Amino acid sequence: MKFYKAGEIPEVPHMYFIYGDGGTGKTSLFKQFQGKKILFSFDRSTNPLRGQKDTDFMVIEEQDFANVQNLVTGFIQRIINSGDYDAIALDNVSSLQNIVLDNIDHASKDNRQNYQKLQLWFRQLATMLRESNMTVFATAHQVDNGAGGLTGAGRYGADMNEKTFNAFTSVFDFVGRLYVEDDQRWIDCNPESGNHGKNRIDERKKFHAEELIEPKQEESKEDKKGVA
């Protein structure tokens, strides 16, 4: 453990976790982040970021599956140690989870502890990312649990094992659902909606997806009077 005197604990870059249906533009949100970036693609959906001059890519191949835990951990540690990047993305964590779980299943003689091993690995991964001093962006597919009651509250979640999701996102500052409504992209991070969501960065609970990093400044009453 590391000790900090009162008032001397440093500010750390934020960690964002976004889940949503395919085609809603999860990967493209990484364009909003500043500085030199690198994206790990676990579902090979790299087209939305083609041509980005500030983004490098690590794209998983089928031959990597059997050793994916060591590869991911090793490459991320190397990237952290290099100090060359300001932001890192893991796209798509649902796909990564499925590969890791398959590896654990094949290596295990007692399947009863497999999900515990899965949770532990993702917790260790999240801790490493938290200590990286880089902005972290992760995406996941969405699962629709069906309408809940009359309002449908609590209907959506990340397509991950529940305890693994909790282990991974516990250190994240932001968890939100990306969805499209009336041809506009929205992010809902309101935990009171019953879906997976939290925002420890600011007070927003729902906003346009294009404002994930830079919230739109609302006009004051004085400014509106001046315009009128």
Side-chain angles (χ1 to χ4, degrees), residues 12 14-22 24 26-27 29-30 39-45 58-60 62 64-77 79-80 88-132 134-146 148 154-179 187-191 193-200:
V12 295
H14 294 139
M15 299 177 69
Y16 301 81
F17 184 98
I18 299 292
Y19 66 95
D21 274 338
T24 51
K26 298 184 294 295
T27 306
L29 290 177
F30 197 44
L39 180 139
F40 281 72
S41 177
F42 301 110
D43 63 0
R44 304 181 66 87
S45 60
M58 294 292 297
V59 181
I60 194 169
E62 188 172 356
D64 302 325
F65 286 9
N67 195 35
V68 72
Q69 294 100 304
N70 290 331
L71 288 173
V72 169
T73 301
F75 276 117
I76 290 179
Q77 192 61 63
I79 287 165
I80 293 171
I88 183 171
L90 274 61
D91 182 47
N92 181 298
V93 177
S94 298
S95 299
L96 175 61
Q97 174 199 250
N98 294 339
I99 299 170
V100 172
L101 181 58
D102 189 54
N103 288 345
I104 293 173
D105 282 342
H106 281 102
S108 177
K109 295 181 180 179
D110 183 357
N111 293 338
R112 291 174 297 181
Q113 297 183 356
N114 285 5
Y115 279 98
Q116 292 180 353
K117 294 177 182 177
L118 181 70
Q119 295 153 27
L120 178 61
W121 188 81
F122 270 92
R123 186 186 303 278
Q124 292 171 337
L125 175 61
T127 301
M128 181 170 62
L129 291 168
R130 175 84 279 179
E131 296 174 350
S132 69
M134 291 190 294
T135 299
V136 177
F137 176 69
T139 72
H141 289 305
Q142 171 180 287
V143 61
D144 185 344
N145 295 311
R155 175 170 180 168
Y156 302 101
D159 188 6
M160 295 179 68
N161 168 263
E162 188 78 20
K163 292 183 178 179
T164 302
F165 167 83
N166 291 334
F168 184 65
T169 62
S170 61
V171 299
F172 277 69
D173 305 292
F174 185 95
V175 175
R177 174 185 172 238
L178 175 65
Y179 65 99
I187 294 178
D188 177 15
C189 55
N190 185 3
S193 68
N195 302 319
H196 289 157
K198 68 177 175 181
N199 185 357
R200 299 194 298 220

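Bear in mind the structure is a predicted one, so any value in this text is a computation, not a measurement.
When every heavy atom of Asn103 is checked against every heavy atom of Gln69, the shortest pair comes out as ND2-OE1, 2.9 Å. When all heavy atoms of Val100 and Leu118 are compared, the pair lying nearest together is CG1-CD1, 3.7 Å. Listed here is the closest heavy atom pair of Val143 and Ala158: CG1-O, 3.7 Å. The nearest pair of heavy atoms linking Ala126 to Ala167 is CB-O, 4.5 Å. Closest approach of Ser41 to Ser45, counting heavy atoms only: OG-N, 3.5 Å. Residues Arg44 and Ile60 share a closest heavy-atom pair of NH1-O, 2.7 Å.
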- Task: Could you please spell out the steps behind the side chain to side chain contact (heavy atoms under 4.5 Å, CB included) verdict for Phe165 and Val93?
- Result: CA-CA 10 Å; Phe165 167 83; Val93 177; over 6 Å; no
- Evaluation steps, side chain to side chain contact (heavy atoms under 4.5 Å, CB included), between Leu39 and Thr27: CA-CA 9 Å; Leu39 180 139; Thr27 306; 4.1 Å; yes
- Message: Checking Thr139 against Leu29 for the side chain to side chain contact (heavy atoms under 4.5 Å, CB included) test, could you report, in this order, the C-alpha distance in whole Å, the side-chain angles of both residues, the deciding distance, and whether it holds?
- Response: CA-CA 10 Å; Thr139 72; Leu29 290 177; over 6 Å; no
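The aromatic rings of Phe137 and Phe30 lie parallel to each other, with less than 30° between the two planes, well short of the 60° mark.
In this structure a side-chain-to-backbone donor-acceptor pair under 3.5 Å is present from Asn195 to Arg155. A donor-acceptor pair under 3.5 Å links the side-chain atoms of Asp173 to the main chain of Met15, judged by distance alone. A distance-only check finds a donor-acceptor pair linking the side chain of Ser94 to the backbone of Asp159 [under 3.5 Å]. Proximity of a side-chain donor or acceptor of Arg200 to a complementary backbone N or O of Phe172 within less than 3.5 Å is detected. Checking side-chain atoms of Lys26 against main-chain N and O of Ala138 turns up no donor-acceptor pair under 3.5 Å. The backbone N or O of Leu101 sits nowhere less than 3.5 Å from a side-chain atom of Asn114 that would complete a donor-acceptor pair.
In this structure, CE on Met134 lies 4.5 Å from CD1 on Ile88, to the nearest 0.5 angstrom. Within the model, atoms CZ of Arg130 and CG of Leu125 stand 13.0 Å from one another, a figure rounded to the nearest 0.5 Å. How far CD1 of Ile80 is from CG of Leu129: 6.0 Å, rounded to the nearest 0.5 Å. Rounding to the nearest 0.5 Å places CG of Leu71 at 11.5 Å from CZ of Phe65. The distance from atom OG1 of Thr164 to atom CD of Gln97, rounded to the nearest 0.5 Å, is 5.5 Å. Annotation: the span from Phe42 atom CZ to Ile99 atom CD1 amounts to 7.5 Å, rounded to 0.5 Å.
Annotation: side chain of Ile187 is in contact with side chain of Phe174 (closest heavy-atom distance under 4.5 Å). Within the 4.5 Å cutoff, side-chain heavy atoms of Asp188 are placed close to those of Ser193. Contact check for Leu96 versus Phe40: no side-chain heavy atoms found under the 4.5 Å cut-off.
For OH of Tyr115, the number of neighbouring non-hydrogen atoms (other residues, nucleotides, ligands) closer than 6.0 Å is 12 at most.
Ring centers of Tyr19 and Tyr156: at least 6.0 Å apart, outside the cut-off.
With sequence neighbours excluded, the residues satisfying side chain to side chain contact (heavy atoms under 4.5 Å, CB included) with Thr73 are Trp121, Met128.
A side chain to side chain donor-acceptor pair (under 3.5 Å) with His196 holds for exactly one of Gln142, Arg177, Glu162; it is Glu162.
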